[in-house]
K.L.:
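Sharing a structure below in structure tokens format, with a few things to ask.
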There are 4 protein chains.
Amino acid sequence: MAKSKYEYVKEFETDDRMLRNVYVLVRIDGKGFHKFSQTHDFAKPNDVRGINLMNHAARCVMHELDDIVLAFGESDEYSFLFRKSTDLYQRREAKIVSTVVSLFTSAYVYYWNDYFTDLKRPLYPPVFDGRAVLYPSEVEVKDYFAWRQADTHINNLFNTSFWALVEEGGLTPKAAEARLCGTDSKDKNEMLFTEFNTNYSKLPAMYRKGSVLLREQIPKDADKDAIIPTLPETLPGSKSAKVVPVLDTAITESGLQSGPDPISESV
Amino acid sequence: MAKSKYEYVKEFETDDRMLRNVYVLVRIDGKGFHKFSQTHDFAKPNDVRGINLMNHAARCVMHELDDIVLAFGESDEYSFLFRKSTDLYQRREAKIVSTVVSLFTSAYVYYWNDYFTDLKRPLYPPVFDGRAVLYPSEVEVKDYFAWRQADTHINNLFNTSFWALVEEGGLTPKAAEARLCGTDSKDKNEMLFTEFNTNYSKLPAMYRKGSVLLREQIPKDADKDAIIPTLPETLPGSKSAKVVPVLDTAITESGLQSGPDPISESV
Amino acid sequence: MAKSKYEYVKEFETDDRMLRNVYVLVRIDGKGFHKFSQTHDFAKPNDVRGINLMNHAARCVMHELDDIVLAFGESDEYSFLFRKSTDLYQRREAKIVSTVVSLFTSAYVYYWNDYFTDLKRPLYPPVFDGRAVLYPSEVEVKDYFAWRQADTHINNLFNTSFWALVEEGGLTPKAAEARLCGTDSKDKNEMLFTEFNTNYSKLPAMYRKGSVLLREQIPKDADKDAIIPTLPETLPGSKSAKVVPVLDTAITESGLQSGPDPISESV
Amino acid sequence: MAKSKYEYVKEFETDDRMLRNVYVLVRIDGKGFHKFSQTHDFAKPNDVRGINLMNHAARCVMHELDDIVLAFGESDEYSFLFRKSTDLYQRREAKIVSTVVSLFTSAYVYYWNDYFTDLKRPLYPPVFDGRAVLYPSEVEVKDYFAWRQADTHINNLFNTSFWALVEEGGLTPKAAEARLCGTDSKDKNEMLFTEFNTNYSKLPAMYRKGSVLLREQIPKDADKDAIIPTLPETLPGSKSAKVVPVLDTAITESGLQSGPDPISESV
């Protein structure tokens, strides 16, 4: 039969199973989201619709893939942490990465209109890419999330200051950039407070610290404004109905500052 | 600054650039599309709306990624062939695979309503996965596509026979399966002709041979019914306006039976 | 200049640096050592000259490569454990594996005549191959060595019984094999004791438990017969003069039964 | 039994089979051979004993591994080209690289005294490392060897000039280096001819062009001084008795300048 004659081409496929018993971290990034956010008039410095849609898409990923124990999102990126012992798709790298990226993208387009209610669908299909990174120990995983959260803080403080200068202060983007050049965090906080009457530390935690997705429990000290709008607990097509809240929490070298420690507790 | 302290975690990322000067083949597959097609009442054995949506999504991928020289689709899978010399994303595997999968998924959800006009969006977000395979020579690439097309033929002849027995012949699925057990291609052709008045070779080429996407030229002997419904030549968000027709053509060991030879001609 | 024109071929080299912060285990194996040991009339079941030469070659490897914290040898194989934090050759896999194999092979041929004193050099050049395996945690590393030591025990008890039956009992190899078929450890111990007046547990530890190489300290309870013949502490060409003793020790799930714990203590 | 309990550690071994149907090139390099050649008083700029020993060791590798079709050596490095279709060790990378390196090292130590007749064995065990590179097409393979041969030429012309200035001209190494700084090939040829009465192009081809090892035929125009001293055609322990001559030949983009073309002819 014709089949057998050609099937040798399958032998060119390689085995891409990842090392066992190490954490698998999949990070996705929006492609060309600077342009995408401009085209869709995202509010500056943060568009709550866009953030909530990202969080919703990430929740869909966690609903489908039970071995993800923690996710963290900021701007147009999201990081998903799989438990060390996961045997999802026998740990095949391309399968895991492509499934996470496809799930996320699909949900982003699918739920678009639930957040951007005045536009049936985006003006063109958005695209994300992804990659996997292996981390052997808790230390690196916690430092990874601490790194992403530090990045969120730095970017958001800059963006908040920049757009205050431009939108409220009437500066040109160029002038705003020049004004911020060489300033440190303290300078920016001071400027926001004295010139724009903004207490940076009172801005929504989700802007300042990014979004953390966990399974099941809501820690008692969770900041209310950090919780994404309630969604139907059973998403269409999802396998489980677990609640996945978003917390206001710092991720430090000793893990999540409040609540459970999904990194240390997962096996 | 906090950043530098944690940035060592980036060193755990590995270099996944693929060998140079070999063909890169990315194949995507629908996840759980048996259930997906049932949930959405896809016509059996072929749903023209579903096939056209797959082809449309694949065209979007080719519009975005100029180094794809040929694509082939059947059922819920699509294969994309990159030219040997491509340096897209420095040939990083995860980046290439995840981008193709995300583009395809995004377009599939985005254009859903253009083909399934009575349903605003699917009942739940569809998901695809993907993988890359490297092929050193034309021989393997042509055999790869010949393999997928032989697979299309075998599956479609079986499905056509099966659903004729069930939908027109009134057999139960179990009885239909039993009836087909042990039959070869000739038997099935004969049965379709004598019992269901169906000349298999006159069925649309797209069903029998899958869909081939090429750049630019439409070979003069292309079967009309193999061409997907005309689409706006410039897709929103795409970089180029190249025409990407779908041909009725066999892919054999000597390449495409008719028209240009994008495999041999690409570098 | 001619050089630059061709240097693009270097771009085909791939980056094979291994994941950081996991244990690197390099295991080497003799190629065709069944034939090699027969050709050189190795004593059966154990040739003390051959074992000592293996141990000597392994010591040379440890003398050269400071990041090896533990080595274990049995029969014609040797395993070398690198500390998790090693940055030797930037953790490039081929470089590390090939260097270990070359060092070992070179020393084996070089020191041959010191152990096989009646033969200037082997009758033909011996060959070893090697591979690297990554282990994320102490648990797997300890189980790895426990696995190799269990293997040593099983093989040595079988071989001791087999050669007793052949050399002292006068059985043919075939008959000896038949006699041992289906016996367990207790049966073999019993047979050695009653028929050949051999108390298996009193045989040299090096035969029963393989050879363990550690750095620096000799634990106080080390069995004397487990220590390899004294060698000049500074090997020619070696970088350091550390003493590398061989112990009589069991490797269990909790590490080395006696003495220091180089696995847990290394970083 | 104890064995099964621990055998899970085998699952951490990864599959390192290399892509099929591409050339496999293994290159080995001496480690610390600057010091090694000084310690053993190698003649400068070329030590014929050292080169012949390298060639002998490389011949042993080719005798053992039938799928090597061509080898090229210069200084302390040697490159071995495997046919595209080789299935040696199922193309496992670590196995192939480590075997080549071990074979070479073993033979180098083993045959040392046949070339360095006044020294029973080297003063310490020499070490080589190795790596594999994949090349998809003849073009890259030929350019690879052309690259190594261009390197040989450049280095040898420099070294010949440098040692003429030092050993015959009485300059210090520093002064010789200064004298050569900024000179091109023509300048060096001229200097050798006018100051040291040396016609560079008449020096042994093996020095100027490196050593090429082929299987079986000696092309009729082979330069006599390029052939290594006759060796017993059947090496101890080797599987075959094929003659492996060394040629005086240039390797250009169109392959070997004279004689057969093992690159194009191998499959």
Side-chain angles (χ1 to χ4, degrees), chain C residues 1-3 5-10 12-14 16 28 31 60 64 89 92-95 97-111 113 120-136 140-141 143-144 146-148 150-151 153-154 235-238, chain D residues 1-3 5-10 12-14 16 28 31 60 64 89 92-95 97-111 113 120-136 140-141 143-144 146-148 150-151 153-154 235-238:
Chain C
M1 161 131 83
K3 228 176 173 177
K5 181 180 170 186
Y6 299 127
E7 261 187 303
Y8 80 92
V9 297
K10 272 180 74 68
F12 286 78
E13 298 179 5
T14 51
D16 67 343
I28 65 162
K31 283 184 74 75
C60 291
E64 278 300 305
Y89 310 134
R92 281 180 287 156
E93 183 170 354
K95 189 104 176 173
V97 171
S98 63
T99 299
V100 169
V101 170
S102 180
L103 262 166
F104 191 92
T105 307
S106 194
Y108 192 94
V109 181
Y110 192 91
Y111 292 109
N113 191 226
K120 188 194 152 204
R121 60 183 186 184
L123 298 170
Y124 59 88
V127 182
F128 297 85
D129 63 35
R131 67 175 308 161
V133 191
L134 300 181
Y135 289 112
E140 295 121 11
V141 169
D143 283 350
Y144 174 84
W147 173 51
R148 299 322 302 144
D151 189 72
H153 170 68
I154 288 160
L235 298 176
S238 79
Chain D
M1 161 135 78
K3 229 176 172 177
K5 181 179 169 187
Y6 298 126
E7 261 187 305
Y8 79 93
V9 297
K10 273 179 72 71
F12 286 79
E13 298 179 6
T14 51
D16 68 341
I28 66 161
K31 284 183 74 73
C60 291
E64 278 299 305
Y89 311 134
R92 279 179 288 156
E93 183 170 354
K95 190 105 176 171
V97 171
S98 63
T99 298
V100 168
V101 170
S102 181
L103 262 165
F104 191 92
T105 307
S106 194
Y108 192 94
V109 181
Y110 192 92
Y111 292 109
N113 191 226
K120 188 195 152 203
R121 60 183 186 185
L123 298 170
Y124 59 89
V127 182
F128 296 85
D129 63 34
R131 67 175 308 161
V133 191
L134 301 181
Y135 288 113
E140 295 121 12
V141 168
D143 283 350
Y144 173 84
W147 172 52
R148 299 323 301 144
D151 189 71
H153 169 68
I154 289 160
L235 297 176
S238 79

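Residue numbers start from 1 in every chain, and the chains themselves are labelled A, B, ... in the order their sequence lines are given, proteins ahead of strands.
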K.L.:
Against chain D, work out which of C:Lys95, C:Arg121, C:Arg131, C:Glu140 has the most heavy-atom pairs shorter than 4.5 Å and name it.
P.N.:
C:Arg121
K.L.:
Could you grab the distance from atom OH of C:Tyr135 to atom CG of C:Asp143, nearest 0.5 Å is fine?
P.N.:
9.5 Å
K.L.:
Can you measure from OH (C:Tyr111) to OG (C:Ser106) and round to the nearest 0.5 angstrom?
P.N.:
9.0 Å
K.L.:
Given a strict heavy-atom distance threshold of 4.5 Å, which part of D:Phe104 is in contact with chain C: side chain, backbone, both, or neither?
P.N.:
neither
K.L.:
Once rounded to the nearest 0.5 Å, what's the spacing between atom CG of C:Asp129 and atom OG of C:Ser98?
P.N.:
13.0 Å
K.L.:
Go through D:Thr105, D:Asn113, D:Thr14 and name the one with the most non-hydrogen pairs under 4.5 angstrom from chain C.
P.N.:
D:Thr105
K.L.:
Heavy-atom cut-off 4.5 Å, strictly under: side chain, backbone, both or neither for D:Leu134 against chain C?
P.N.:
backbone
K.L.:
Can you confirm if the aromatic rings of C:Tyr144 and D:Phe12 lie within a centre distance of less than 6.0 Å?
P.N.:
no
